[in-house]
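This report concerns only the one structure given below.
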Amino acid sequence: MPTDPSEVSVGIQDLTFATTSLCLTHEELARHTGAPLAKYHHGIGQTAMSIPAEDEDIVTMAADAAAPIIECHGSRKIRTILFATETGIDQSKAAGIYVHSLLRLPPHIRVVELKQACYGATAALQLACALVRSDPTQQVLVLASDIARYDLDSPGEATQGAAAAAMLISAAPDLVELHTPTGLFTHDVMDFWRPNYRTTALVDGKKSNDAYLEALEGAWHDYQARGGLPFEKLRTVCYHQPFTRMAHKAHRRLERTANTTAPLQDIGQAIAPTTTYNQTIGNSYTASMYLALAALLDSDTDLSGDTIGLFSYGSGSVAEFFTGTISPNYRLHLRTEAHETHITERDTVGYETYRRLHTRTLPTDGTAYELPHQTDGRYRLAGIHRHQRLYQEAPP
Ligand code: CAA
């Protein structure tokens with residue numbers, strides 16, 4: 001085992017995701033908003049969005065995502081759980097503790113929650129890598145779980161969604177080895193935010209697109225200044241995808257910023273394999289870029305030994321550009337079938353049901369409240385009592 005931390009190969013040992021049991025198609029949304037369907041399907045690149053059932057939230061999705069990882073690898077080496085979200089359910093307690101309990105994990109684990117809009121999971125990933133470099137015998141479970149909600153009838157409505165990604169970070173990873181240097185960019189901008197008293201995000205749509213692209217340029221320049229790889233060495237880039245068209249805009253901007261001398265790759269071809277999950281799930285904030293990575297790994301393209309870029313953006317804003325090399329036998333460790341099942345087994349809801357679910361609220365007066373069993377997932381929010389959320393493993 002190398003003693004110099006920089007020589008330890010560290011990265012993603014396992015990656016999977018879960019989403020909700022329900023979805024709304026953009027075809028159904030367009031029938032009611034009057035927007036041309038082409039605007040949704042081509043203009044923003046979305047065909048459907050995941051909608052949480054009444055007994056689903058960020059905890060149930062994260063537990064659903066993490067359970068197969070624990071079943072496969074066990075929990076003996078896990079010393080840390082990092083839960084990234086911008087849809088937190090408690091101002092004090094980390095959502096990861098509920099997951100820790102639902103998955104019956106051992107007590108000798110530190111569990112914390114991280115927040116910086118959609119960037120939080122990348123902060124968690126980098127912290128996880130640093131922990132594993134300092135002690136390669138330990139593993140870190142990174143969870144990213146969010147429900148993207150905008151006001152009804154607002155421009156952001158078509159870019160809602162929900163999902164959780166779970167990643168096991170370890171030495172000698174089976175999927176993706178992550179590299180240094182990384183490029184960073186922070187800028188105080190009010191492009192998207194959600195004050196504590198609101199359940200839906202506030203956003204300046206056009207400003208947020210510009211802020212994203214400026215952050216991409218800033219992070220890329222920092223990555224280059226620190227000796228990063230030239231653009232031509234990257235097979236493709238997984239971008240944060242608030243809507244999948246954004247990834248195309250980002251790739252065009254990066255090609256220009258990098259001033260590449262290579263013949264321009266067809267952007268559609270380079271980006272399409274990274275968008276298949278997000279185009280039907282919608283924005284999942286912290287999980288979005290990791291769903292893009294899952295889609296790329298699950299695609300037909302053989303990526304063994306290839307180096308890819310990853311661009312994480314969190315409004316407000318913090319961004320990071322980094323790279324990873326795909327492991328030679330990564331295909332033996334994919335969860336493609338389970339991912340497809342999560343997507344295809346969702347029930348499609350009509351517009352009225354969607355609006356009802358969007359506007360419902362949970363009681364805040366401490367009275368006992370039971371939730372109907374709607375989820376198809378393994379874990380559910382059973383109710384609330386004395387201001388405490390009560391989770392359970394759903395009976396089969
Ligand atoms: N056929 C094909 N394309 C069409 C069309 C049609 N009939 N009608 C419109 N379009 C195209 C438009 O030309 C436009 O494309 P370009 O951007 O390439 O010009 C696209 O569809 C969208 O049209 P509009 O700009 O008119 O749409 P809009 O005003 O309804 O707003 C939005 C779009 C700003 C993205 C809005 O959905 C929004 O506010 N979303 C939430 C904010 C967001 O996602 N920001 C992204 C960056 S911030 C971030 O990344 C963090 C995060 O996760 C939130």
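A salt bridge is absent between Asp135 and Arg79: the closest approach of a Lys/Arg side-chain nitrogen to an acidic carboxylate oxygen does not fall below 4.0 angstrom. We find that Glu54 and Arg356 are joined by a salt bridge, their nearest charged nitrogen and carboxylate oxygen being less than 4.0 Å apart. Using a 4.0 Å cut-off between charged nitrogen and carboxylate oxygen, Arg355 and Glu352 do not count as a salt-bridge pair. Salt bridge annotation for Lys206-Asp210: absent, with no cationic side-chain nitrogen under 4.0 angstrom from a carboxylate oxygen.
At a cut-off of 3.5 Å, with distance as the only test, no side-chain donor of Ser288 or Tyr239 sits close to an acceptor on the other residue. Side-chain contact annotation: Arg149 with Thr200, donor-acceptor N/O pair under 3.5 Å absent. For the residue pair Glu56 and Ser21, a side-chain donor N or O sits within less than 3.5 Å of a side-chain acceptor on the partner. At a cut-off of 3.5 Å, with distance as the only test, no side-chain donor of Ser284 or Asp146 sits close to an acceptor on the other residue. Gln13 and Gln139 share no side-chain donor-acceptor pair at under 3.5 Å. Donor-acceptor pairing under 3.5 Å is recorded for the side chains of Thr19 and Ser50. Under 3.5 Å, the side chains of Glu157 and His358 contain no donor-acceptor pair of N or O atoms. Looking at Asn278 and Thr244, their side chains never bring a donor and an acceptor atom within 3.5 Å of each other.
Results of the side-chain contact (heavy atoms from CB on, under 4.5 Å) test with Thr348 over Thr25, Thr353, Ile51 single out Thr25 as the only residue that passes. Put simply, the residue from Val237, Thr260, Ile267 that forms a side-chain contact (heavy atoms from CB on, under 4.5 Å) with Leu254 is Val237.
A donor-acceptor pair under 3.5 Å links the side-chain atoms of Ser327 to the main chain of Leu175, judged by distance alone. Between the side chain of Asp55 and the backbone N or O of Leu371 there is no donor-acceptor pair closer than 3.5 Å. A donor-acceptor pair under 3.5 Å is formed between the side chain of Asp191 and the backbone N or O of Gly316. Remark: the backbone N or O of Ser9 is not paired with any side-chain donor or acceptor of Glu177 at under 3.5 angstrom. At distances below 3.5 Å, at least one donor-acceptor pair connects side-chain atoms of Tyr330 with backbone N or O atoms of Leu303. Remark: the backbone N or O of Ala18 is not paired with any side-chain donor or acceptor of His339 at under 3.5 angstrom. Gln388 contributes no side-chain N or O that, together with a main-chain N or O of Gly383, makes up a donor-acceptor pair within less than 3.5 Å. Checking side-chain atoms of Thr336 against main-chain N and O of Asp298 turns up no donor-acceptor pair under 3.5 Å.
Ring-centre distance between His251 and Phe311: not below the 6.0 Å cut-off.
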Asp90 and Tyr98: CA distance, side-chain angles, deciding distance, side-chain hydrogen bond (donor to acceptor under 3.5 Å, both in side chains) verdict: CA-CA 11 Å; Asp90 195 290; Tyr98 294 107; 4.8 Å; no
Step-by-step side-chain contact (heavy atoms from CB on, under 4.5 Å) determination, Tyr290 to Met167: CA-CA 9 Å; Tyr290 299 97; Met167 289 179 276; 3.5 Å; yes
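Taking the six-membered ring for Trp and thresholds of 30 and 60 degrees, Tyr313 and His240 have ring planes inclined between 30 and 60 degrees apart. The aromatic rings of Tyr150 and Phe192 sit perpendicular to each other, their planes meeting at more than 60°, with 30° as the lower class boundary. Taking the six-membered ring for Trp and thresholds of 30 and 60 degrees, Phe17 and His342 have ring planes inclined between 30 and 60 degrees apart.
Between Thr361 and Thr199 there is no side-chain heavy-atom pair separated by less than 4.5 Å.
Summarising the geometry of Thr280 relative to Gln46, their closest heavy-atom pair is N-NE2, 4.4 Å, with the distance given to 0.1 Å.
Atom-to-atom distance recorded for His108:NE2 and Ser75:OG is 11.5 Å, nearest 0.5 angstrom.
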